[in-house]
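Reading through the structure tokens given below for one structure.
Convention: sequence-line order gives letters A, B, ...; per-chain numbering from 1.
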Amino acid sequence: MTADTMGLTFLAFCLPFLGALAAPALTRLLGHHAAWPLALVPLAVFLHFLGFNAEIARGEIVTGGYAWVPSYNVSFSWLIDGLSLAFLLLISGIGALIVLYAGGYLKGHPHQGRFFSFILMFMGSMLGVVASDSFLMLFVFWEMTSITSFLLIGFDHAREASRRAALQALIVTGGGGLFLLAGLLLLWDVTGVTQFSLLMSFGPELRASPFYLAILFLVLGGAFTKSAQFPFHFWLPNAMEAPTPVSAYLHSATMVKAGVYLLMRLNPVMGETPAWETVLPAVGGLTLLVGAVLAIRQTDLKLMLAYTTVASLGLLVMLTGFGSEHAIAAAALYLVAHSLFKGALFMVAGLIDHETGTRDITKLGGLRRAMPVTFLAALLAALSMGGLPPFFGFLAKEEVYAALSGGSLRQIAFTAAAIIGNGLMFAVAFAVALKPFLGAPVQTPKHAHEGPALLWIGPMLLAVKGLVIGLFSAVTHALLTSPLASAISGAPQTVTISALPHLSLAFGLSLLTVAFGLGVFLMLDRAREAANRLVEDIGWGPDRGFDQAMTGLVRAAAAISRLLQPGRMEIYMTATFAVIALALLVPPVVYGEWPRLPVWPAGMPFHELAVMLLAALGIGAVLTAGNRLTAIVALGIQGLCVALLFLLFGAPDLAFTQFMIETLSVVILALVMTRLKLTPRDHRPLREKIPDAVIAIACGVGFALYLLRVTQGRFDTALTDFFNLYSKTIAHGANVVNVIIVDFRGTDTLGEIAVVMVTGLAILSIIRIRKGRAGA
Amino acid sequence: MNTLIFRTVAPFLTALMALFSIFVLLRGHNEPGGGFIGGLIAVSALAIFGIANGIAAVRRALWFHPMAISAFGLFIACLAGLLSAAFGVPFMTGLWITPTVLGVEIPLSSVMLFDTGVYLVVVGAITSIALALEAGDDV
């Protein structure tokens, strides 16, 4: 990669974020027309990556990047192969259309600029996810998609349902991201590389590693939550609270496919093991069935589509883990097909909602005259989703059946799951595309009419694209799907399927699917009732489970807080000092490290003895003091005696500080006492005082023993010597203590004074809070 | 405590102690003293002033909010550390210059700036605590 293209590629990754920065101002200036210039951003990215197409189609891999934290082997580097490129083109291409669509959909919304900003930020994050070569970069972008998705789902933040859905999506996908991080770190640990491009040659080591299952579990934890696999699927339908452009973009075409992307990326190195080929198809197949059945149940257009998205993601995971060349090709085809038709159908659903005021399929009908362009787009997309020739969806479905069908029990089971899932999705596709448009016109909340060009341009283009790339399948395969399939399988692979129906087992199964789907479509109301009954019989679902888990978490946190923070000063003090006493006394008891009895120094001068005696008398004065204030002042006697001792033993700095601290503590303690509004005397009965006395004595004895033991140990003078030797020569200071504080250990001091200041702030605010309560 | 003698003497005592605290701060590098001790002396001085003449007088005398003084101290301490970045040496490296003013060599250093920061943090934080406590429920 030449320096020029490298810089341009880096710019392409930054461009969406720059666009996000400019979006609010631009929208303020141009109103909803800002969509046109803003759509140029993803378009430019799209065109830039389109330029790599020829290289990638030849089977080459483009890598590039810059060192980020070289000491930890972390880089900002990208890897563009067939897999990345397909995703990059889908994200930027659909992104351009979504920006236009959002321009029409949120026209006049007071926060449209913010919306553009969020969606461009999301786009940048998503581009980063699929192009990351370095593990850490993947993780950072991965979590950024979770965060931007949170912002977008909760865009309508005044509604509680939006906030709940946003939080739920963030917790599920963000939590999954932490699993992914752990998995990536383990990958690093096992292989010693931090880049996917280097990881590719470590397949055998990885599969043989004892950590393989752990890595698999962690990576799947990330992928399954992001791609809404059962039982984590519940957040995706809830995310439909977001404005429709978000649903069309994040929750069908791009973000939810990040998990699938990850599995595809790791398939060459982690695939082809019994665990991989059991867990992935099993979970994927189950998700397919669950999603398809739940989709039938819904009457809301967006929810129907959301559950089919869950089902489609299940199908993709199933195919990725199935472990055959055909399955990989099918996954590649279905991935592209799904992004196109599902994005289009979501936009159609939003368009209907926008123009009629409702998304409930039972309240819509006869719109074909009012909204002919929308009808056409919906029909084209549904034909692709239903898998009818010559649409691209047909190719995908043929390949799916070619991959799954066979004689073994496993193949028959998965074929059956695919037929049921696809059949139900067929029914939903046509329910969405036909029911609102056919039949007698129904009165809708708004008078229905065709939406503006900004709104139908996106779905129309996507739907037409689904037809065009199906018709010219040879070109599509050469440029897009073959490199994509090769990257997923890790070996060169050619996809050959064409749009011409040809007699084969797969075609027969396709016909069966269409027949089944048609049957369900015709009896949709009955099928819906049946699905409803089934779900009601089960009763409990992971969505309720999520709420229960969250309530449980809050309750547990409250219980722990009540236990640890009862709000009573006595308990805090008792706990603190009891812990100090235990920390001081338990180690000598356990390890038998008692100090030796100190020897009485011979020839002790009288004044030293006098000071010590005075200190002891001070303690006596504290204990016998008549009231609390006297006790506090008496405590000062003891402190001043200690300061005198410091002075006598050659530590003037310490003595100086001790004098000041003693003075100030008496002042501040006295002030605190007046505020605590305590009685002047301690009137508690003796049996309540005894536990306090025991703890106090234990602390005192503990400190005394500890100091004795420390001073009896061998004293390493290396530091003392160093400081004494260099204090003057290096730091130009004769006062070693001060030089240590401000120079040798200056950074420590910086931290300490920061603590002093923050403590001051904290105390100030506590006092103010109490004052506020007293005032109120 | 609120005797006439005390109230009369307190301002002089405070001024003297404040001056002494700066002296202690400046001599700290070579003789016993330094920012921390100096700060504590200044706080004691302000406490005396407060006990004698009331907190309103202290707040007026300080001009700035004590917490702002503390924050400024932390700021110049950080600045003293960051100065070294301009000279391409590691964070918190001591830098010295000795300009000659009126024929006297005066050693100035980033270390002294740092110590002044420590002084201000201590003065500000502890004074603001003491003032807030002393204020009672009326402020």
**Asked** Given the options A:Ile730, A:Thr759, A:Val739, which has more heavy-atom pairs under 4.5 Å with chain B than any of the others?
**Response** A:Val739

**Item:** Atom CZ of A:Arg745: over 12 foreign heavy atoms under 6.0 Å
**Value:** no

**Message:** Around atom CD1 of B:Ile5, are there more than 12 heavy atoms from other residues, nucleotides or ligands closer than 6.0 Å?
**Reply:** no

**Selection from A:Val737, A:Thr663, A:Thr749 maximising heavy-atom pairs under 4.5 Å formed with chain B** = A:Thr749

**Prompt:** Is A:Phe577 atom CZ crowded by more than 12 heavy atoms from other residues, nucleotides or ligands, each under 6.0 Å away?
**Reply:** no

**Prompt:** More than 12 foreign heavy atoms under 6.0 Å from CZ of A:Arg568: is that the case here?
**Reply:** no

**Request:** State, to 0.1 Å, how close A:Leu764 and B:Ser128 come at their nearest heavy-atom pair, and which atoms those are.
**Result:** CD1-O, 3.6 Å

**Message:** For A:Tyr572, is the OH atom crowded, meaning more than 12 foreign heavy atoms sit under 6.0 Å from it?
**Reply:** yes

**Derivation of the side chain to side chain contact (heavy atoms under 4.5 Å, CB included) call for A:Ile668 and B:Ile126** = CA-CA 9 Å; A:Ile668 287 182; B:Ile126 300 182; 3.9 Å; yes

**Asked** If you draw a 6.0 Å radius around CZ in B:Phe91, do more than 12 non-hydrogen atoms from other residues or ligands fall strictly inside?
**Response** yes

**Request:** Give me the contact list for residues 646-661 of chain A versus chain B, heavy atoms only, anything under 4.5 Å, ordered by residue number.
**Result:** A:Pro652, A:Asp653, A:Phe656, A:Thr657, A:Met660, A:Ile661

**Prompt:** Looking only at heavy atoms, which of residues 110-120 of chain B get nearer than 4.5 Å to chain A?
**Reply:** B:Val111, B:Phe114, B:Asp115, B:Val118

**Asked** Going from CD1 on A:Ile767 to CG on B:Leu133, what distance comes out if it is rounded to the nearest 0.5 angstrom?
**Response** 4.0 Å

**Toward chain B, the part of A:Leu761 with a non-hydrogen atom under 4.5 Å** = both

**Message:** Around atom CH2 of B:Trp96, are there more than 12 heavy atoms from other residues, nucleotides or ligands closer than 6.0 Å?
**Reply:** yes

**Fill in**
Counting heavy-atom pairs under 4.5 angstrom with chain A, the leader among B:Ala71, B:Pro107, B:Gly33, B:Gly34 is B:Gly33

**Fill in**
Greatest number of non-hydrogen atom pairs under 4.5 angstrom with chain B, of A:Ile741, A:Leu664, A:Val667, A:Val756, falls to A:Leu664

**Message:** Can you list the residues of residues 76-83 of chain B that sit under 4.5 Å from chain A, counting heavy atoms only?
**Reply:** B:Ala77, B:Cys78

**Asked** Do you know the tightest heavy-atom contact between A:Met757 and B:Ser70?
**Response** CG-OG, 2.8 Å

**Asked** What is the minimum heavy-atom distance between A:His732 and B:His29, and which atoms define it?
**Response** O-CD2, 3.2 Å

**Prompt:** Using a cut-off of under 4.5 Å for heavy-atom pairs, which of B:Val24, B:Val43, B:Leu74 has the most such pairs with chain A?
**Reply:** B:Leu74

**Prompt:** Is the shortest heavy-atom distance from the side chain of B:Asn30 to the side chain of A:Lys728 under 4.5 Å?
**Reply:** yes

**With A:Phe722 via side chain to side chain contact (heavy atoms under 4.5 Å, CB included) - residues at least two apart** = A:Tyr726, A:Phe744

